[in-house]
Amino acid sequence: MKESYNFNEVEKKWQKYWEKNKFFEVEMDSKKPKYYVLEMFPYPSGEPHMGHVKNYVIGDVVARYKHSQGYNILHPMGWDAFGLPAENAAIKNQIHPSVWTKENIQKMKSTLIDMSISYDWNREIATCNPDYYKWTQWMFLQLYKKGLAYKKKAVVNWCPSCNVVLANEQVINGKCWRCDTEVIKKELSQWFFKITEYAQRLLDDMESLEEWPEKVLTMQRNWIGRSEGARIEFLIKGSDKTIPVFTTRPDTLYGVTYFLLAPEHPLVEEIMKDSPYKAEVQKYREDVSKESAIDRVSGTSEKKGCFTGKYVINPINGEEIPIWLANYVLMGYGTGAVMAVPAHDQRDFEFAKKYNLPIRIVIQPKDKKVSSDTMKNAFDEEGIMINSGQFNGLSSSKSLDVIIDYLIKKGSGEREVNYRLRDWLISRQRYWGAPIPMIYCENCGMVPVPEKDLPVLLPENVDFKPKGMSPLESNKEFVNTICPKCGRKAKREIDTMDTFVCSSWYYLRFCSPKTDTEPFNAEELKYWMPVDQYIGGVEHAILHLLYSRFFTKALYDMGYVNFEEPFKRLFTQGMVCKGGAAMSKSKGNIVNPGEIFTKFGIDATRVMMLFAGPPEVDMEWTDKGMEGASRFLNRVWRLIYNNIDCFKKGEDKEEVSLKNLSIEAKKIRQKTHQTIKKVTEDVEKRFHFNTAISAIMELVNEAYKLELPEEGKNENDVFVLKKTLEIIVRLLAPITPHFSEELWQEMGNKESIYFKPWPEYDEKMLEEEEKLIVVQINGKLRGKFTVSASCNNEKIKEKALSLSRIKEKITGKEIVKIILVSGKLVNIVIK
RNA sequence: GCCGGAGUGGCGGAAUAGGUAGACGCACAGGACUUAAAAUCCUGCGAAUUGUAAGAUUCGUGCCGGUUCGAUUCCGGCCUCCGGCACCA
């Protein structure tokens with residue numbers, strides 16, 4: 001054994017050994033309980049960054065830990081390989097996206113192999129391979145069959161820089177999620193997935209996601225944005241047509257003083273036919289259409305409106321109400337029409353003030369009086385109804401239901417639930433994605449590609465420079481095809497799918513990645529799914545995690561899977577920062593993982609990442625932290641090296657039966673068991689590897705202090721030390737696999753530590769023989785003493801009172817009471 | 001504006017059921033070993049007051065208040081930071 005730890009040699013040695021002996025390859029085994037650990041697969045951008053490293057290290061610790069508990073571990077890795085960067089890089093460097101992607105996969109894979117993350121590389125998948133995207137296309141066809149995929153002309157988000165449409169989820173503050181360019185609106189015919197049909201179930205089933213971070217659930221809830229209310233029909237004056245509105249406040253119906261339509265509302269044309277205000281309205285609509293998408297929805301732009309000269313009838317009291325157009329009414333939500341209640345809605349209030357429209361109070365607060373002349377803001381809380389006919393005097397919250405019922409009876413209203421969630425736009429006008437398997441025939445119209453003809457291969461020879469048109473259009477051999485129905489000339493769909501479609505089902509494919517007759521094998525799926533522990537960045541809280549949940553539910557409804565939620569437990573790790581900011585190229589604060597591995601080794605890097613703080617919190621990368629981690633491993637190495645003689649002789653004994661132990665040995669034995677307990681709980685329940693490592697450090701420090709007398713060594717003391725050292729190495733094994741494996745073998749073990757079951761602690765060993773009692777006076781610490789664990793409470797009290805310092809403080813004072821917490825503390829309350 | 005989360009030494013962080021605040025580590029200072037350096041080991045390390053010293057006293061977990069024998073922890077009210085949503089009717 002070497003006197004100092006040569007990580008280079010040790011890490012290489014065990015990597016080779018594990019690979020050669022196929023340690024991490026798994027098969028389904030119905031006799032063993034399974035555990036599926038998954039880290040979000042990366043986009044192969046080339047170099048893995050520290051964020052990736054953190055993600056995979058956490059996953060690897062979990063996988064190795066669970067393995068040591070006897071689980072059959074599925075821990076796979078693959079590549080989210082379609083996507084824009086490949087295409088952009090290709091355009092820039094004159095290299096084909098597939099070549100660029102494959103090179104990057106190779107680079108990233110070799111780093112992951114260097115890190116010896118315990119992946120079963122036999123199960124590697126890449127979404128850009130035809131044997132994978134064949135099944136992505138199959139998924140599309142199933143959704144199409146189910147009526148969950150449809151094409152429609154719609155105003156969509158368009159990124160003028162990426163030259164591509166974006167899903168709502170990919171628009172962040174009005175800007176493109178990828179390049180930050182301001183998104184514009186475009187009308188296009190596009191494919192959508194009907195995720196809105198699952199809005200309520202996606203919401204309801206969050207109840208079952210008990211082991212997901214609350215943060216993520218909240219974000220999804222906000223995104224789905226359910227609101228309850230009513231749909232109310234307003235009759236257009238002089239017509240038999242009604243315009244519906246959605247409102248969450250039917251209780252304010254008597255306070256409606258004007259009516260609003262979105263400027264692009266389709267009914268506007270119709271009602272304007274015979275209006276004297278035609279010209280003004282026309283101009284107004286043109287002006288609004290020039291407003292940028294961001295200003296329009298940001299809430300900051302000025303409210304602008306235009307009177308139409310038309311009126312609707314309020315169904316509750318027959319009042320005539322003027323119809324206006326307003327830029328703050330959005331066509332995309334509710335019905336694109338709003339009943340305006342300026343007294344009780346801030347936006348309507350501002351609008352009414354600007355255009356001098358009447359404000360009528362119909363809800364009065366309970367404790368004060370507001371008046372329409374003096375109010376500075378709308379009153380939007382609950383109160384007592386006034387000016388509301390037969391409903392006067394009711395509390396506004398209670399009247400919600402009463403009014404809806406009344407409207408239902410009159411035939412002018414319905415209960416309605418609205419969601420903010422929009423259908424998922426999946427068409428992309430780019431090359432590097434899975435082709436949408438659809439054919440357009442002049443005779444038969446839209447015809448899905450028959451399943452037997454899958455995959456629709458992505459042609460190699462394509463001019464993929466962006467022209468605002470799908471690049472596939474440039475390959476006529478691809479575009480021109482024959483109709484599978486009638487055999488006549490037809491054209492293929494030239495858009496590809498959003499890459500998030502590919503990543504919405506990859507976790508299923510890992511269960512049976514090689515099967516070529518079906519997307520996944522039902523039996524394997526039944527065994528492995530759901531994913532027991534999913535780990536990734538919080539940036540996917542809405543996008544990927546919502547889409548995957550939707551896919552799983554759709555597949556469940558079609559009978560392909562027998563579970564409704566794909567990820568049982570989710571962990572979202574924090575970012576790796578340097579200098580207080582997330583590492584990024586633009587900030588120039590990138591730390592290259594490869595360089596760190598060379599300088600300090602993989603295992604030290606793992607320790608540093610896990611020790612820096614709780615993994616869900618952003619961590620600060622410091623070189624000093626790296627040195628500390630490295631120092632710690634060397635310290636453990638020396639500790640074991642100094643005591644290597646312990647392992648040369650002696651057979652295993654029952655720990656409990658050990659007699660004649662020195663006090664020090666007893667203490668360290670107890671500490672060892674406490675440490676097992678602490679580390680197990682921290683890793684299992686809390687994922688707090690930082691405190692787990694600090695507990696191991698404490699044990700190491702204690703072990704250093706245990707100086708066994710040179711001559712006349714107590715054999716049992718030696719045995720206790722040996723056990724402690726073993727435990728240290730075993731507890732470290734999931735965190736520092738190479739390091740622990742080396743020490744384990746040096747200790748004389750033949751089998752790999754990977755197969756050694758996780759250590760267990762003995763309750764009996766945890767108890768301390770002596771307890772430290774803290775003495776307080778009025779809650780302030782005034783003294784301490786130790787007693788044997790068997791000492792009774794009366795004696796403890798007596799002893800506390802007899803401490804000289806305590807005596808001093810209490811003489812002449814009245815003792816009000818004495819509080820005693822068994823085995824812990826005495827608090828003397830004096831006056 | 002609404003919804004989450006967080007605020008503890010010089011720094012990262014600990015205190016998992018209301019019971020010794022600051023574990024563990026980093027940085028720093030002093031010492032040992034060394035010709036020297038590195039490495040390693042030992043000691044100290046929240047602030048203030050006081051004492052030759054061991055020590056003692058007070059303050060201290062964003063701020064203000066409350067509950068309690070006792071509050072980083074529970075309650076009420078604020079402030080700041082981070083994240084999400086946002087003219088969503």
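First the proteins, then the strands, lettered A, B, ... as listed; each starts at 1. Predicted model, so just to flag it, every value in this text is computed and none were measured.
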Whole-Å distance between [N] [atom2] and [X] [atom1]?
X: A:F259; N: B:rA89; atom1: CZ; atom2: P; value: 16 Å
X: A:E228; N: B:rA89; atom1: CD; atom2: P; value: 12 Å
X: A:N222; N: B:rG83; atom1: CG; atom2: P; value: 16 Å
X: A:K578; N: B:rC11; atom1: NZ; atom2: P; value: 20 Å
X: A:I773; N: B:rU20; atom1: CD1; atom2: P; value: 13 Å
X: A:M575; N: B:rC82; atom1: CE; atom2: C1'; value: 9 Å
X: A:I777; N: B:rU57; atom1: CD1; atom2: C1'; value: 14 Å
X: A:R231; N: B:rA89; atom1: CZ; atom2: P; value: 15 Å

Is it the case that the base of B:rC87 and the side chain of A:K303 share a donor-acceptor contact (distance under 3.5 Å, atom types as modelled)? yes
Regarding B:rG19, can its base be found pairing with the side chain of A:Q776 as donor and acceptor, where the two atoms are less than 3.5 Å apart? yes
Of all the choices, [options], which nucleotide is nearest to the side chain of [X] once you look at every atom?
X: A:T218; options: B:rC3, B:rU20, B:rA86; result: B:rC3
X: A:R782; options: B:rG84, B:rU58, B:rA14; result: B:rU58
X: A:Y333; options: B:rC88, B:rG84, B:rU20; result: B:rC88

Return no unless some side-chain N or O of [X] is found under 4.0 Å from OP1 or OP2 of [N].
X: A:K780; N: B:rC59; value: yes
X: A:K824; N: B:rG19; value: no
X: A:R638; N: B:rA39; value: no

When the ring planes of [X] and [Y] are compared, do they come out parallel, tilted or perpendicular, using 30° and 60° as the limits?
X: A:W637; Y: A:F739; value: tilted
X: A:H544; Y: A:H540; value: perpendicular
X: A:F687; Y: A:F571; value: tilted

Evaluation steps, ring pair (Phe, Tyr, Trp, His ring centres under 6.0 Å), between A:W424 and A:F500: CA-CA 10 Å; A:W424 173 15; A:F500 280 95; 7.5 Å; no
Does the side chain of A:S397 come under 3.5 Å of the side chain of A:E382 through a donor N or O and an acceptor N or O? yes
Just by distance, no angles: are the side chains of A:Y284 and A:T308 close enough, under 3.5 Å, to form a donor-acceptor pair? no
Do the charged groups of A:E302 and A:K304 touch, with an N to O distance under 4.0 Å? no
Under a 4.0 Å N-O cut-off, is there an ion pair linking A:E350 with A:K353? no
As a test of your reading of the structure, name each stem of RNA chain B as range with range, where a stem is three or more consecutive Watson-Crick or G-U pairs at under 3.5 Å. B:1-7 with B:79-85, B:10-12 with B:24-26, B:28-32 with B:40-44, B:46-50 with B:55-59, B:62-66 with B:74-78
Assign each of A:H688 and A:G225 the nucleotide of RNA chain B bearing its closest heavy atom; nearer the 5' end lies the nucleotide of A:H688
Which residue lies more 5' along RNA chain B, comparing A:F246 with A:K678 via nearest heavy atoms: A:K678
Taking protein heavy atoms under 4.0 Å as touching, what does nucleotides 23-28 of chain B look like 5' to 3' if B marks base contact, S marks sugar-phosphate-only contact and - marks none? BBSSS-
Classified by glycosidic angle (syn within 90° of 0, else anti), B:rG76 comes out anti
Report yes if some heavy atom in the side chain of A:T605 is under 4.5 Å from a heavy atom in the side chain of A:M626; otherwise report no. yes
All side chain to side chain contact (heavy atoms under 4.5 Å, CB included) counterparts of A:L825, not counting sequence neighbours: A:V774, A:Q776, A:V821
C1' atoms of B:rA17 and B:rC74, separation to the nearest Å: 12 Å
Inter-nucleotide C1' distance (B:rA6, B:rU20), Å rounded: 26 Å
